[in-house]
Amino acid sequence: MPARTWDPPGPLDLHRTLGVLQRGPGDPAFGVRDGELWRACRTPGGPGTLRIAARPAAGQVEAEAWGPGADWLLDRLPELLGESDDPARLTARHRIVHEARRRHPGVRLARTGLVLESLIPSILEQKVTSDEAYRAWRLLLQRHGEPAPGPWERMRVMPEPRGWALIPSWEWHRAGVDAKRSSAILRAVRAARRMEEAARMDLADATRRLMALPGIGPWTAAETLQRTLGAPDAITVGDLHLPKIIGYALTGRRGTTDEEMLELLAPYEGQRHRAARLILLSGRTPPRRAPRFPVGDIARL
């Protein structure tokens, strides 16, 4: 069981930095226990589990890892926690952004270096509610993943590409995943090597690589590369809620479109995703006027 310590170069909010990797409550590949973060994933070296704990008194982060992927995970711990991220490159142009950064100085953009780990759940989140997507991810990992290395028995590592390809159609249906999304995932895992190469590209080239596959559009590519590359400018377009939140936070107006959101964020060119993260952390959202969108369940059809 190898272990490692790391001295962050500045303030680090461990939970908000890595929380974006969690796909809903009960995510079998991510958990929090006794204040420590646990992550199970499939690395180039094989399955691995990482436990990360902040030690504020020592100004350090402590990590342990298990499994064939343990060394890979520990070697990339600084990158995961934002060592190469530079929050100071954002110049706040709005009071709400300035205040959010002041209140949350330790939020960094995590960089996993893994593509499929973020791409597959992002495809599951296409055109459905978060609850539906989280349920699908949870069921698929529980049924078709493998037990994660290490002492936390509930954790699972997602299937290898061949494992995803062997999931029968009725299992996708049982998890509430329609044919359009399952087909996109199957195309991605069949091109797994090409997809993973995007982790070593810049944002523009990586976006083109992902979007070359049918079923992967700008929304899915951005949601993936925000996590894979820690890309500060990978702003999400095509989202049901984000433009409305950004528009309301910055102008007080409702009904902002993607185009209007991009205009509002133009002063943050190169840092638009970071600016959006800070705006979301401010908690300023438009009051709800309509009931929450109902959760569908195609497994019952």
| task | Please check if L14 and V32 belong to a single hydrophobic cluster, counting links between Ile, Leu, Val, Met, Phe, Trp and Tyr side chain heavy atoms closer than 4.5 Å. | result | yes
| said: Show the nearest heavy-atom pair for residues P28 and Q142, with the distance to one decimal. | reply: CG-CG, 4.1 Å
| Is it the case that Q226 and S118 place a side-chain donor and acceptor less than 3.5 Å from each other? | no
| query | Hey, does V115 have a side-chain heavy atom less than 4.5 Å from the side chain of E197? | reply | no
| message | Keeping D13 on the side-chain end and V107 on the backbone end, is there a donor-acceptor pair under 3.5 Å? | response | no
| said: So which atom in Q60 and which in D7 form the shortest heavy-atom distance, rounded to 0.1 Å? | reply: CG-OD1, 2.8 Å
| Any side-chain heavy-atom pair of R227 and L21 under 4.5 Å | yes
| Is there a donor-acceptor pair closer than 3.5 Å between any side-chain N or O of D34 and the backbone N or O of E36? | no
| field | Closest heavy-atom pair and its distance - A70, P2 | value | CB-CG, 3.7 Å
| said: Nearest 0.5 Å, please: how far is CG in L250 from CE in M261? | reply: 10.5 Å
| said: Measuring from atom CG of L213 to atom CZ of R187, what distance do you get when rounded to the nearest 0.5 angstrom? | reply: 7.5 Å
| message | Minimum heavy-atom separation for A221 and I216, please, with both atom names. | response | N-CG2, 4.2 Å
| field | Same cluster (ILVMFWY, side-chain, under 4.5 Å), W72 and L18 | value | yes
| task | Ignoring hydrogens and angles, tell me if any N or O in the side chain of H15 forms a donor-acceptor pair with the backbone of L37 under 3.5 Å. | result | no
| said: Has T228 got a side-chain atom pairing as donor or acceptor with L114's backbone, closer than 3.5 angstrom? | reply: yes
| So do T256 and I246 actually touch side chain to side chain, heavy atoms under 4.5 Å? | no
| message | Between D85 and R274, does any side-chain N to carboxylate O distance fall below 4.0 Å? | response | yes
| Can a cation-pi geometry be assigned to R23 and F30, taking NZ or CZ under 6.0 Å from the six-membered ring centre and within 45° of the ring axis? | no
| field | Within one Ile-Leu-Val-Met-Phe-Trp-Tyr cluster: L229 and M195, side-chain cutoff 4.5 Å | value | yes
| query | Could you give the distance from CG (D233) to CG (L225), rounded to the nearest 0.5 Å? | reply | 12.0 Å
| query | Do W66 and W38 have ring centres separated by under 6.0 Å? | reply | yes
| Under-4.0 Å salt bridge between E62 and R51 | yes
| said: As a quick check of understanding, evaluate side chain to side chain contact (heavy atoms under 4.5 Å, CB included) for Q126 and I123, giving each step before the final call. | reply: CA-CA 5 Å; Q126 293 175 351; I123 293 172; 4.1 Å; yes
| said: I want to check something: taking the side chain as every heavy atom from C-beta on, are R55 and T5 in contact at a cut-off of under 4.5 Å? | reply: no
| task | Quick one: closest heavy-atom pair of G31 and R154, and the distance? | result | CA-NH2, 3.2 Å
| request: Taking the side chain as every heavy atom from C-beta outward, state whether W172 and L186 have any pair of such atoms under 4.5 Å apart. | output: yes
| Are any of the side-chain heavy atoms of R108 and P87 separated by less than 4.5 Å? | yes
| query | Do you know the tightest heavy-atom contact between A276 and I235? | reply | CB-CD1, 3.8 Å
| Can you list the steps and then say if W6 with L80 is a side chain to side chain contact (heavy atoms under 4.5 Å, CB included)? | CA-CA 12 Å; W6 178 61; L80 176 68; over 6 Å; no
| said: Looking at E196 and R200, is any side-chain nitrogen of the basic one under 4.0 Å from a carboxylate oxygen of the acidic one? | reply: no
| task | Verify, without hydrogens or angle tests, whether R209 (side chain) and A198 (backbone) share a donor-acceptor contact under 3.5 angstrom. | result | no
| message | Quick check against the 3.5 Å criterion: does R135 have a side-chain atom that pairs as donor or acceptor with the backbone of A175? | response | yes
| task | Report the distance from atom CG of D258 to atom NZ of K244, rounding to the nearest 0.5 Å. | result | 8.5 Å
| Is E117 salt-bridged to R39, going by a charged N under 4.0 Å from an acidic O? | yes
| query | Do E171 and R174 meet the salt-bridge criterion of a basic N to acidic O distance under 4.0 Å? | reply | yes
| Any side-chain heavy-atom pair from S122 and T220 closer than 4.5 angstrom? | yes
| query | Do the side chains of W219 and I245 join up, straight or via other hydrophobic residues, at under 4.5 Å, putting them in one cluster? | reply | no
| message | For a 4.5 angstrom cut-off between non-hydrogen side-chain atoms, does H273 reach P232? | response | no
| message | For R33, I'd like to know if atom CZ has over 12 heavy atoms of other residues, nucleotides or ligands within 6.0 Å. | response | yes
| Backbone N/O of M158 and side chain of R42: donor-acceptor pair under 3.5 Å | yes
| message | To the closest 0.5 Å, what do you measure between CZ (R156) and CZ (R143)? | response | 11.5 Å
| request: Determine whether M155 and V157 fall in the same hydrophobic cluster, where Ile, Leu, Val, Met, Phe, Trp and Tyr are linked whenever their side-chain heavy atoms lie under 4.5 Å apart. | output: no
| message | Evaluate C41 against L50 for side chain to side chain contact (heavy atoms under 4.5 Å, CB included), listing each step before the verdict. | response | CA-CA 9 Å; C41 58; L50 183 67; over 6 Å; no
| query | Atom OG1 in T43, atom CG in D71: separation rounded to 0.5 Å? | reply | 9.5 Å
| field | Any donor-acceptor pair under 3.5 Å from W164 side chain to P159 backbone | value | yes
| task | May I ask you to decide if L124's main-chain N or O and R181's side chain share a donor-acceptor pair within less than 3.5 Å? | result | yes
| request: Report the C-alpha separation of R277 and L109 in whole Å, then their side-chain angles, then the decisive distance to 0.1 Å, and conclude whether the side chain to side chain contact (heavy atoms under 4.5 Å, CB included) test is met. | output: CA-CA 9 Å; R277 279 284 307 276; L109 300 181; 3.7 Å; yes
| said: Looking at E132 and T129, would you say the former's side chain and the latter's main chain have a donor-acceptor pair under 3.5 Å? | reply: yes
| task | Report, as yes or no, whether the 6.0 Å neighbourhood of atom CZ on R102 holds more than 12 heavy atoms from other residues, nucleotides or ligands. | result | yes
